[in-house]
Amino acid sequence: GREPAPGAVTCGSVLKLLNTRHNVRLHSHEVKYGSGSGQQSVTGVEASDDANSYWRIRGKSDGSCQRGTPVKCGQAIRLTHVNTGKNLHTHHFPSPLSNNQEVSAFGDDGEGDDLDIWIVQCSGTYWEREDAVRFKHVGTEVFLSITGEQYGHPIRGQREVHGMPTANHHNYWKAMEGVFVKPSVDPAKHDEL
């Protein structure tokens, strides 16, 4: 019973995250917010094939999440936007459309600050790819959410991503398309031969 299910999300995996209520994927791009922090914006997009929707799963600190290790429910992680190298981040600025809490992409080459840390909330032992999970921000205790507000020009139709203090159906996410790093099997501990 020790072995993680083969469907667990692992450290180092690169994946897309689908908001299950609004059917859009977590996205970022070289567009800055015109208000609030002025940092790189994070949105939700309907397209499943957008290359700007890939995020890498990393540990709270380098070395705390060995490549291929299954992510546990309750584990602290960082989500690094693959194409721009910025981390999923939130802080006490109002989000532009809903006046919830702004979610941005922050840092350089995957290094930001301690407001880039999120806890994976799920029901079992590990974050399974089939599960709808929540991401709770450690520093401000909000949940990564979408409630459906849509941007106009220049990112027409994209949804606002924000942080909300309540756990509800707007903050469930599911792992979708991606490259899932296989858990590495240590031959020294492998006793099933």
Side-chain angles (χ1 to χ4, degrees), residues 1-28 42 44 53-82 86-91 100-101 103-107 110-147 161-186 189-190 192:
R2 280 285 165 88
E3 289 295 301
V9 173
T10 50
C11 296
S13 293
V14 169
L15 50 79
K16 295 184 181 182
L17 290 165
L18 179 78
N19 182 286
T20 57
R21 175 77 168 88
H22 298 280
N23 210 37
V24 289
R25 284 162 178 76
L26 188 70
H27 178 88
S28 190
V42 171
S53 302
Y54 283 112
W55 301 82
R56 185 182 309 279
I57 307 298
R58 298 169 66 214
K60 176 181 177 178
S61 56
D62 290 343
S64 66
C65 195
Q66 293 296 337
R67 190 177 156 80
T69 308
V71 176
K72 290 190 168 78
C73 296
Q75 186 169 332
I77 62 163
R78 288 178 290 177
L79 291 157
T80 302
H81 186 244
V82 172
K86 295 182 186 302
N87 294 332
L88 189 71
H89 182 95
T90 185
H91 44 200
N100 282 299
Q101 186 167 298
V103 170
S104 65
F106 172 78
E111 294 312 312
D113 64 21
D114 57 6
L115 292 175
D116 299 342
I117 315 288
W118 302 79
I119 300 284
V120 182
Q121 289 194 341
C122 41
S123 50
T125 305
Y126 295 102
W127 173 9
E128 303 288 345
R129 278 148 64 175
E130 310 303 301
D131 291 348
V133 304
R134 290 191 175 103
F135 299 101
K136 184 172 188 178
H137 190 243
V138 172
T140 66
E141 301 195 328
V142 295
F143 295 93
L144 183 69
S145 306
I146 291 182
T147 47
V161 172
H162 52 252
M164 300 178 75
T166 48
N168 57 40
H169 56 271
H170 296 295
N171 36 55
Y172 274 125
W173 299 85
K174 191 173 169 190
M176 298 295 286
E177 305 79 13
V179 178
F180 294 89
V181 179
K182 292 278 187 295
S184 46
V185 175
D186 181 351
K189 293 184 184 143
H190 197 70
E192 290 167 22

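Applying the salt bridge (charged side-chain N to carboxylate O under 4.0 Å, His left out) test to pairs two or more places apart or on separate chains, those with a residue in residues 9-26 are Arg25-Glu177.
Between Phe135 and Trp127, the distance separating the two ring centers is shorter than 6.0 angstrom.
With sequence neighbours excluded, the residues forming a side chain to side chain contact (heavy atoms under 4.5 Å, CB included) with Val142 are Thr90, Gln101, His137, Thr140, listed by chain and number. Looking at residues two or more places apart in sequence or on another chain, you find a salt bridge (Lys or Arg N to Asp or Glu O under 4.0 Å) between Asp62 and Arg58, Arg78. Residues forming a side chain to side chain contact (heavy atoms under 4.5 Å, CB included) with Asn23 (at least two apart in sequence, or on another chain): Leu18. The side chain to side chain contact (heavy atoms under 4.5 Å, CB included) check on Ser123 picks up nothing, with sequence neighbours excluded. Qualifying side chain to side chain contact (heavy atoms under 4.5 Å, CB included) partners for Ser64, counting only residues two or more places apart in sequence or in other chains: Lys60, Ser61.
Annotation: the span from Ile119 atom CD1 to Gln75 atom CD amounts to 8.5 Å, rounded to 0.5 Å. The CG atom of Leu17 lies 7.0 Å from the CH2 atom of Trp173; values are rounded to the nearest 0.5 Å. In this structure, OG1 in Thr147 is found 6.0 Å from NE2 in His170, a value given to the nearest 0.5 Å. To the nearest 0.5 Å, atoms OG1 (Thr10) and CZ (Arg129) are separated by 8.0 Å. Once rounded to the nearest 0.5 Å, the distance linking CD1 of Ile57 with OG1 of Thr69 reads 13.0 Å.
By the 6.0 Å contact criterion, CD on Glu141 is open, its count of non-hydrogen atoms from other residues, nucleotides or ligands being 12 or less. Counting heavy-atom neighbours within 6.0 Å of Phe106 CZ, excluding the residue itself, gives a total above 12.
Between Trp55 and Ser28, some side-chain heavy-atom pair lies under the 4.5 Å cut-off. Looking only at side-chain heavy atoms (C-beta outward), Cys122 and Lys72 stay at 4.5 Å or farther from each other. Side-chain atoms of Val103 and Leu88, non-hydrogen and from C-beta on, do get closer than 4.5 Å to each other. Inter-residue side-chain proximity for Ile77 and Ile117 is flagged as unmet; no heavy-atom pair is nearer than 4.5 Å.
When atom types are taken as modelled, the side chain of Trp118 and the backbone of Leu144 share no donor-acceptor pair closer than 3.5 angstrom. Side-chain N or O atoms of Ser145 include none that pairs as donor or acceptor with a backbone N or O of Asn171 at under 3.5 Å. With Asn87 contributing its side chain and His89 its backbone, the two residues share no donor-acceptor pair below 3.5 Å. The backbone N or O of Ala175 sits nowhere less than 3.5 Å from a side-chain atom of Asp131 that would complete a donor-acceptor pair. Proximity of a side-chain donor or acceptor of Ser13 to a complementary backbone N or O of Cys11 within less than 3.5 Å is not detected.
Nearest approach of Ser53 to His27, heavy atoms of both residues: OG-ND1, 3.1 Å. The two residues Val9 and Phe180 make their nearest non-hydrogen contact at CG2-CE2, 4.2 Å. Among all heavy-atom pairs drawn from Tyr126 and Pro70, the shortest one is CD2-CB, 3.5 Å.
Here the rule is side chain to side chain contact (heavy atoms under 4.5 Å, CB included) with Tyr54, and of Thr80, Leu15, Val14 only Val14 fits it.
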Audit row: His91, Ser104, side chain to side chain contact (heavy atoms under 4.5 Å, CB included) steps and yes/no: CA-CA 8 Å; His91 44 200; Ser104 65; 3.8 Å; yes

